[in-house]
Novice: 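Quick one: the structure is below, questions incoming.
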Amino acid sequence: MQLSVWTYEGPPHVGAMRVATAMRGVHYLLHAPQGDTYADLLFTMIERRGARPPVTYTTFQARDLGKDTADLFQRAARDAFARFDPQVMLVGSSCTAELIQDDPAGMAEAMRLPCPVVPLELPSYSRKENWGAGETFYQIVRHLADRDVRAAPRDRRRPLVNILGPAALGFRHRDDVREVRGILDTLGIAVNVVAPLGASPAEIARIGAADFNIVLYPEIGDSAARWLEREFRQPRTRTVPIGVGATREFIAEVAALAGVDPEPALADDQSRMPWWSRSVDSTYLTGKRVFVFGDATHAVAAARVAQEELGFEVVGLGCYNREFAREVRDAAKLYGVEPLITDDHLEVEDAIAAASPELVLGTQMERHIAKRQGVPCAVISAPVHVQDFPARHSPQMGFEGANVLFDTWVHPLVMGLEEHLLTMFREDFEFSDDAGASHLHQNLPATGRGTARSGVEGQGGLADTAAKVSEADGPLHHPADGPPPPAGEVHIWSAEAEAELKKIPFFVRGKAKRNTESFAAEQGRAAIDLETLYDAKAHYAR
């Protein structure tokens, strides 16, 4: 175990909480010491739920360790059942309680509570949150599914489907389910169960009545879907409908499993992303370098959308959940990049710095990393902060989800251009800190126009450099076009050179920096000052 300021995933019992909190009629009894109850904050403050999660803690203290904690656990179980009257009770241990080697499952079974008890064996020191959520959902389905319930003959009835994977604290899960339901309605397919989000134990019991399963989030729903495929002969989908292309493939896959015509859903394409990608407006962002990191499902989908639908160049791709590393490795081969499989945010930060992207698509950790490096960022995956649980409808999946991706990813780049213009004119009277609000009428001095021109001219030679590198065939190029700096080469930038570098627009600043360092390496210059910067400009301008 590694101590870290930030973690991409909590321990597996947090994943179990996400499933219990998503469902109705389920209560989770967690054997945990005092201080392990912080997870409540995730649901009440981050996701902004109206009620605390259905979790009871035994909350033993240090002085209790000298006694038999079994009595403490059983008393907590009886109290939780009397107070909450759950239809199903989950029992398990937190990572700290696991060390004292109590047996919550055995103790709960010996009590013979008047409701089904699902024991959870979640190894806290070898597994993490997403795996814990997937294992918990699998155990619930395995314990509660009625084996006698099977899909009825398909004679003159609508196809019936289960939607598996959405859970509490999921990134836009509520909105994604709404979008997918809309697609199914258009296809004439009925929904049997959405689980775990909003499902009750009674609904899980009849999960076998569906003809097939849609797995929206494999990290949580795949294990249960595989078991249902074996035990109930229910096929499952493989396509996650994030992006226009994947949504079209998803519709075709679902229609084939249901035996219906996909055209009504395919014709209902309201996404504006394809139109924009074919427009002249998109050309100034074509080829922008993007670094993608998150959970495997969202990272793989985002990389495809970025490269195939927006014309970006994927220069980095990775995930933090090792259970799905194979999918990320396969995707990385398509883009010719080295896959990054790690849960160390410092390693991710180093990789982003080395790749010098112009846009980062990641989690809330990458948002902070990108901010420190002065690069635009959009969040595509959990873990996320409160701002990523919007009150409005904001899906990632389906055609409307593609619109949200378009807005979320393109706007940071566009606003970055605006920010650069404000920086260029920062000495102009209109944009100084002493100026009033821009939307209020002011009497502008007659010299305003001249001041604005002098603001541009005040950029010196670097303004010319910015113009040159912005051209389609500009002189500044990717390091692959020329010899890269020697491995391990560290260049020291003078304060004046760094200040001049920052005057170059952010969307070509990384290229200018790499080319200058490559030039310095060729010339044997360890330090980069203004002279080196302008020499590099002259060299690549030839």
Side-chain angles (χ1 to χ4, degrees), residues 9 14-26 28 42-43 46-50 53-54 90 129-141 144-145 160-185 189-201 203-204 207 210 212-228 234 236-242 246-247 250 254 294-298 301 321 324 379-384 388-398 400-401 404:
E9 296 181 272
V14 173
M17 285 184 187
R18 291 177 57 190
V19 173
T21 301
M23 296 183 67
R24 296 178 287 117
V26 175
Y28 184 23
L42 296 175
F43 302 94
I46 302 300
E47 195 172 13
R48 298 185 290 194
R49 284 183 167 259
L90 310 177
E129 180 182 326
N130 275 318
W131 182 89
E135 175 67 11
T136 299
F137 182 49
Y138 160 71
Q139 292 295 343
I140 289 174
V141 171
L144 301 183
L160 201 57
V161 67
N162 298 318
I163 299 177
L164 307 181
L169 266 185
F171 185 57
R172 310 289 170 84
H173 287 193
R174 174 201 65 183
D175 301 334
D176 288 346
V177 169
R178 176 175 157 184
E179 282 301 308
V180 171
R181 274 184 173 274
I183 292 173
L184 297 177
D185 286 344
I189 300 172
V191 175
N192 179 45
V193 176
V194 176
L197 187 64
S200 67
E203 289 173 323
I204 298 295
I207 200 169
F212 62 97
N213 294 309
I214 291 175
V215 183
L216 292 188
Y217 310 100
E219 282 86 351
I220 298 174
D222 194 59
S223 295
R226 289 174 183 270
W227 183 82
L228 290 167
Q234 292 176 335
R236 59 193 169 93
T237 60
R238 265 72 169 181
T239 306
V240 177
I242 297 179
T247 297
F250 172 80
V254 168
D295 68 51
T297 294
H298 286 91
N321 49 335
F324 287 82
V379 174
I380 61 162
S381 162
V384 294
D388 297 305
F389 288 98
R392 69 185 184 280
H393 182 58
S394 185
Q396 299 285 286
M397 296 185 179
E400 183 60 25
V404 173

Novice: I'd like a table of donor-acceptor pairs (distance under 3.5 Å, sequence neighbours excluded) in which one partner is a side-chain atom from residues 164-176, with atom names and distances.
Specialist:
residue	atom	partner	partner atom	Å
R172	NE	D388	O	3.2
R172	NH1	S394	O	3.2
R172	NH1	S394	OG	2.9
H173	ND1	A167	N	2.9
H173	ND1	A167	O	3.4
R174	NH2	P390	O	3.2
R174	NH2	R392	O	3.2
D175	OD2	S394	N	3.0
D176	OD1	Q396	N	2.7
D176	OD1	M397	N	3.1
D176	OD2	Y217	OH	2.6

Novice: Go through V19 and Y28 one step at a time and tell me if the side-chain contact (heavy atoms from CB on, under 4.5 Å) criterion holds.
Specialist: CA-CA 10 Å; V19 173; Y28 184 23; over 6 Å; no
Novice: Can you check whether E47 reaches T21 side chain to side chain, under 4.5 Å on heavy atoms?
Specialist: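 Answer no - side chains too far apart.
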Novice: Should R181 and V194 be marked as a side-chain contact (heavy atoms from CB on, under 4.5 Å) after you check the CA-CA gap, both sets of side-chain angles, and the distance that decides it?
Specialist: CA-CA 10 Å; R181 274 184 173 274; V194 176; 3.5 Å; yes
Novice: Do L228 and R236 come within less than 4.5 Å of each other through their side chains, counting heavy atoms only?
Specialist: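 Sidechains of R236 and L228: no contact.
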Novice: Search all heavy atoms of W227 against all heavy atoms of A145 and return the closest pair with its distance.
Specialist: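 Result for this residue pair: CZ3-CB, 4.2 Å.
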Novice: Can I183 and T247 be said to form a side-chain contact (heavy atoms from CB on, under 4.5 Å), step by step?
Specialist: CA-CA 10 Å; I183 292 173; T247 297; 4.2 Å; yes
Novice: Looking only at non-hydrogen atoms, find the nearest pair between I220 and R18 and report the distance.
Specialist: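 That would be CD1-NH2, 3.8 Å.
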Novice: Counting heavy atoms not belonging to R178, are there more than 12 under 6.0 Å from its CZ?
Specialist: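 For R178, atom CZ is not crowded (no more than 12 foreign heavy atoms under 6.0 Å).
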Novice: Apply salt bridge (charged side-chain N to carboxylate O under 4.0 Å, His left out) to the pair R226 and D222, showing each step before the final yes or no.
Specialist: CA-CA 6 Å; R226 289 174 183 270; D222 194 59; 2.6 Å; yes
Novice: Has E219 got a side-chain atom pairing as donor or acceptor with T297's backbone, closer than 3.5 angstrom?
Specialist: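 Yes.
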Novice: Would you check if the side chain of N130 reaches a backbone N or O of E9 as a donor-acceptor pair within less than 3.5 Å?
Specialist: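 Side chain of N130 to backbone of E9, a donor-acceptor pair under 3.5 Å: no, none is there.
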Novice: Once you round to the nearest 0.5 Å, how far does CG of N162 lie from CG of N192?
Specialist: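 It comes to 4.5 Å.
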